[in-house]
Number of protein chains: 2
Amino acid sequence: MTDQVDRIIEQWHREKPGLDVSPMAVIGRLSRTALTVESRLVDTFVQHQLDASSFDVLATLLRSGAPYRISPMELAREAMISTSAVAQRLNRLESRGLVAREPNPNDGRGTLVVLTDTGKVMIEKALPDHLETERAILSTLSRAEQSTLAILLSRIENAASS
Amino acid sequence: MTDQVDRIIEQWHREKPGLDVSPMAVIGRLSRTALTVESRLVDTFVQHQLDASSFDVLATLLRSGAPYRISPMELAREAMISTSAVAQRLNRLESRGLVAREPNPNDGRGTLVVLTDTGKVMIEKALPDHLETERAILSTLSRAEQSTLAILLSRIENAASS
DNA sequence: ATGATTTAACTAAGCACTTAGCTACACTGG
DNA sequence: CCAGTGTAGCTAAGTGCTTAGTTAAATCAT
């Protein structure tokens with residue numbers, strides 16, 4: 001089973017025979033696999049009138065538990081995006097009535113983002129379908145392989161961030 | 001070693017005890033790891049006055065071998081982006097003199113993108129540093145683990161694309 | 001042959017992110 | 001106290017992608 005990354009590595013061997021391009025076999029696949037998987041997940045989001053970033057915000061609020069209130073800062077950390085991007089996501093979600101902004105009673109600068117009832121219904125409908133899509137993609141791996149993959153990925157992430 | 005994804009899964013267990021969220025352990029880490037790794041790679045590109053997308057185009061041309069000429073269509077396929085995005089990347093690279101466009105002698109509609117001498121020097125300087133960065137990130141894994149990871153990723157990509 | 005369809009490459013417009021810069025509030029040291 | 005510094009959240013401007021639409025050439029069907 002030869003894939004696109006295999007072909008890329010063959011090309012490098014032909015053009016730069018001395019160069020060890022083996023890291024590309026891992027990191028090239030990492031990027032491409034993430035892209036492919038994400039594009040597959042979007043289909044499920046779209047069926048629920050969501051996109052990946054909206055799903056992300058609503059799911060973060062839901063899993064935070066009642067009373068489903070967190071700060072924009074916290075949302076930015078969880079989603080690995082800027083607080084500015086969060087503000088823009090919230091503008092979109094707020095205009096659809098899926099979240100609301102409230103002043104933070106403990107900090108006059110702060111805001112708390114609340115999941116509305118509409119938003120909660122929406123994310124609770126989408127979540128099981130999303131998990132089903134993820135399960136379908138992963139069904140190609142055994143439980144043990146899935147857990148190996150998770151461990152290897154977390155070691156890489158750790159190495160890349162430090 | 002508990003990371004962000006571990007914490008997310010704990011939250012889900014608390015909020016939705018019945019739900020099997022184990023797929024998130026894999027797919028959540030996949031996205032986050034890819035993001036983290038890519039942001040690390042950018043540092044090396046910047047040191048060579050490049051960004052990820054420019055590096056991608058120049059590297060694709062280089063590994064295609066002499067005479068370093070390929071079509072925009074081919075570039076789009078390799079980079080997993082639209083031909084429109086390729087046209088815009090080429091506008092930027094052409095204005096910097098790193099690639100040039102030539103008419104395709106075999107197809108009046110077509111264009112061939114050529115790596116200029118300047119572009120070739122640039123990518124050949126950046127490439128070893130880029131590989132060194134990738135190697136540094138991967139040094140946390142043994143050879144065997146790297147190869148396991150590559151195989152598991154390619155199986156996932158295959159499952160997600162079909 | 002030639003009209004209809006497909007393909008390659010591009011520009012234009014829209015979208016979601018980034019960084020930079022703003023305002024308002026919180027905290028801290030003298 | 002309160003002046004100076006730091007922090008939270010926002011808008012504005014810039015970037016690089018997407019989709020939609022354009023042009024011109026190739027291919028295909030009769």
Side-chain angles (χ1 to χ4, degrees), chain A residues 31-32 34-36 38-43 45-46 49-58 60-61 69-96 98-114, chain B residues 31-32 34-36 38-43 45-46 49-58 60-61 69-96 98-114:
Chain A
S31 309
R32 299 178 92 86
L35 265 180
T36 305
E38 277 156 26
S39 93
R40 174 76 174 275
L41 298 181
V42 166
D43 301 343
F45 298 145
V46 167
Q49 290 84 48
L50 291 170
D51 55 25
S53 63
S54 296
F55 181 92
D56 193 30
V57 171
L58 299 179
T60 303
L61 283 163
R69 271 173 180 73
I70 50 187
S71 69
M73 280 294 284
E74 182 64 18
L75 283 169
R77 253 193 307 277
E78 301 252 0
M80 300 174 80
I81 56 173
S82 63
T83 57
S84 162
V86 169
Q88 294 170 63
R89 287 184 179 187
L90 294 178
N91 290 344
R92 296 191 288 272
L93 288 167
E94 198 175 30
S95 74
R96 293 178 62 191
L98 303 178
V99 306
R101 282 171 166 115
E102 296 181 351
N104 185 335
N106 303 318
D107 187 336
R109 296 164 301 181
T111 298
L112 287 178
V113 182
V114 200
Chain B
S31 310
R32 299 177 93 85
L35 265 182
T36 305
E38 276 156 26
S39 93
R40 174 75 175 276
L41 298 181
V42 166
D43 301 344
F45 298 145
V46 167
Q49 290 84 50
L50 291 170
D51 55 25
S53 63
S54 297
F55 180 92
D56 192 29
V57 171
L58 298 181
T60 303
L61 283 163
R69 270 171 180 75
I70 51 188
S71 70
M73 279 295 283
E74 182 65 18
L75 284 168
R77 253 194 309 275
E78 302 253 358
M80 301 174 78
I81 57 173
S82 63
T83 57
S84 161
V86 169
Q88 293 170 64
R89 287 183 178 189
L90 294 178
N91 290 344
R92 296 191 287 274
L93 288 168
E94 197 174 31
S95 75
R96 294 178 62 192
L98 302 178
V99 306
R101 284 172 166 115
E102 297 180 351
N104 185 335
N106 303 319
D107 187 336
R109 296 164 301 182
T111 298
L112 287 178
V113 182
V114 200

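Lettering follows sequence order; numbering is per chain, from 1.
- Sorted by residue number, the members of residues 75-85 of chain A with any non-hydrogen atom under 4.0 Å from DNA chain C read A/I81, A/S82, A/S84, A/A85.
- The nearest whole Å value for the distance from the CZ atom in B/R92 to the P atom in D/dG14 is 16 Å.
- If you measure from atom CG of B/N104 to atom C1' of D/dA26, you get 12 Å, rounded to the nearest angstrom.
- When rounded to the nearest whole Å, the span between CE of A/M73 and C1' of D/dG6 equals 12 Å.
- Taking atom CZ of B/R109 as the reference point, atom P of C/dC10 lies 13 Å away to the nearest angstrom.
- Between the side chains of A/D56 and A/S53, no donor-acceptor pair of N or O atoms lies under 3.5 Å.
- Separating the CD atom of A/E38 from the P atom of C/dC17 is a distance of 12 Å, rounded to the nearest angstrom.
- Listed pair A/R101 / D/dC10 meets the phosphate criterion, a side-chain N or O lying under 4.0 Å from OP1 or OP2.
- Rounded to whole Å, atom P of D/dA8 lies 19 Å from atom CD of A/E102.
- Side-chain contact between B/T60 and B/E74 is absent, with no heavy-atom pair separated by less than 4.5 Å.
- For A/N91, a side-chain nitrogen or oxygen approaches OP1 or OP2 of D/dT11 to under 4.0 Å.
- One donor-acceptor pair, N or O on each side, does fall under 3.5 Å between the base of D/dT18 and the side chain of B/Q88.
- Summarising the geometry, the separation between CD1 on B/I70 and C1' on C/dA9 is reported as 15 Å, rounded to the nearest angstrom.
- When the nearest nucleotides of DNA chain C are assigned to A/D107 and A/D51 by heavy-atom distance, the more 5′-ward of the two goes with A/D51.
- The shortest distance between the side-chain N/O atoms of B/R89 and the OP1/OP2 oxygens of D/dT15 is not below 4.0 Å.
- The distance from atom CG of A/D56 to atom P of C/dC17 is 9 Å, rounded to the nearest whole Å.
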